[in-house]
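Side-chain atoms are counted along with the backbone in the values below, which use heavy atoms only and exclude waters and symmetry mates. Residue indices begin at 1 and follow the sequence shown.
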Amino acid sequence: MAAVAILVSTPALAGFESDAEAEKDTVFVRARLAHETEQGWLAAKASSTPAARLVEYARAELCDVSSQFLTSTLDGACDPADGAITPPDCGLGIAPALPLWARYRIAENEPWTRWDRISDYYCPQDVLPEFTAEDFRRLPLTPSPVTPQPSNPNLLTGLGLVVHTTADPQDHPTTLLDFPITVRATPTGYTWDFGDGTRTTTTHPGAPYPAGHDHLPGDPVYPHGVIGHPYPSLGTYTPTLTTTWTGQYLIAGTTDWRPIDGTATTTTALPTVTIHDATSHLVADNCHQNPHGPGC
């Protein structure tokens, strides 16, 4: 019987007791352990492991009885007076997994024990593994859209570039072990690289420069909430935005969003900007009169 215990894992299952706070987590643990136990036995049976012939697993309805031992349809049809336990509602079109039962024998020529229940009904989504950070990073997240201000790529030194994006989350339908889930990515951090060695990291997406804003002596270069960079040097630069996303996922048939342990990033490249210097000249003619004059 010791060899069988390696496969069965029933002591672990029996060790979890439900209470008001942990009942949902306990259901998940029991379901996953039952699933792993059954899959391990099937693999051992397929490879002709001797110990696998001393235990047998099967799934069957649980009869609604109040006797000393729980019974299933493996022992015959449920008593019509009692019927079967009503399975849980796993969501539209999602069938619950039947309870898992096991029986044992000490040798191949010995009789089987009665069927013992290993797990209750559970929903297929209860046995899914976690959606990992690696899974999250493989999703085709859409890079954040960026609005530069002004839109003209030719700028003057000291005036610079104002940028902002959106804080909109994005949903991605996908699958986890072929089971449908929805992953929601929410932007939580923004790193703006202005291409000249200057970087700014914020937790907000920025805002447009307010129309008609009066910049008074002593005021900050940009109003509160506005992200920008007054390029001090001539040159051509390509700004970028790296957005950090946190994630959560919703398994079909459930209502609780589960957090993803880790983040993903996307990068948005802005149009290249060229910084010019404005120089004043005293001239006798305008550019129409002298197209080759200074500043023309």
Open item on the list: Could you check whether any side-chain heavy atom of W115 comes within less than 4.5 Å of a side-chain heavy atom of E56, counting everything from C-beta outward?
Closed with: yes

Open item on the list: Would you say that D196 contacts P232 through its side chain, given a criterion of any heavy-atom pair below 4.5 Å between the two side chains?
Closed with: yes

Task: Donor-acceptor contact below 3.5 Å, side chain T132 vs main chain D135 - done: yes

Task: Residues, nucleotides or ligands: over 12 heavy atoms within 6.0 Å of E130 CD - done: no

Open item on the list: Between D116 and R114, does any NZ, NE, NH1 or NH2 come within less than 4.0 Å of an OD or OE carboxylate oxygen?
Closed with: yes

Open item on the list: Closer than 3.5 angstrom, by distance alone: can the side chain of W101 be matched with the main-chain N or O of S72 as a donor-acceptor pair?
Closed with: no

Open item on the list: Can you see whether W245 engages T263 through a side-chain donor-acceptor pair at a distance of less than 3.5 angstrom?
Closed with: no

Task: W192 six-ring centre to R199 NZ/CZ under 6.0 Å and within 45° of normal - done: no

Task: Any donor-acceptor pair under 3.5 Å from E38 side chain to Y57 backbone - done: no

Task: Within-4.5 Å side-chain heavy-atom neighbours: E61 and P99 - done: no

Open item on the list: I'd like to know if the side chain of R53 reaches the main chain of A107, judged simply by a donor and an acceptor atom lying under 3.5 Å from each other, with no hydrogens or angles considered.
Closed with: no

Task: Check: Y237 ring centroid to F194 ring centroid under 6.0 Å - done: no

Open item on the list: Does atom CG (D261) have a neighbourhood of more than 12 heavy atoms from anything else shown, all under 6.0 Å?
Closed with: no

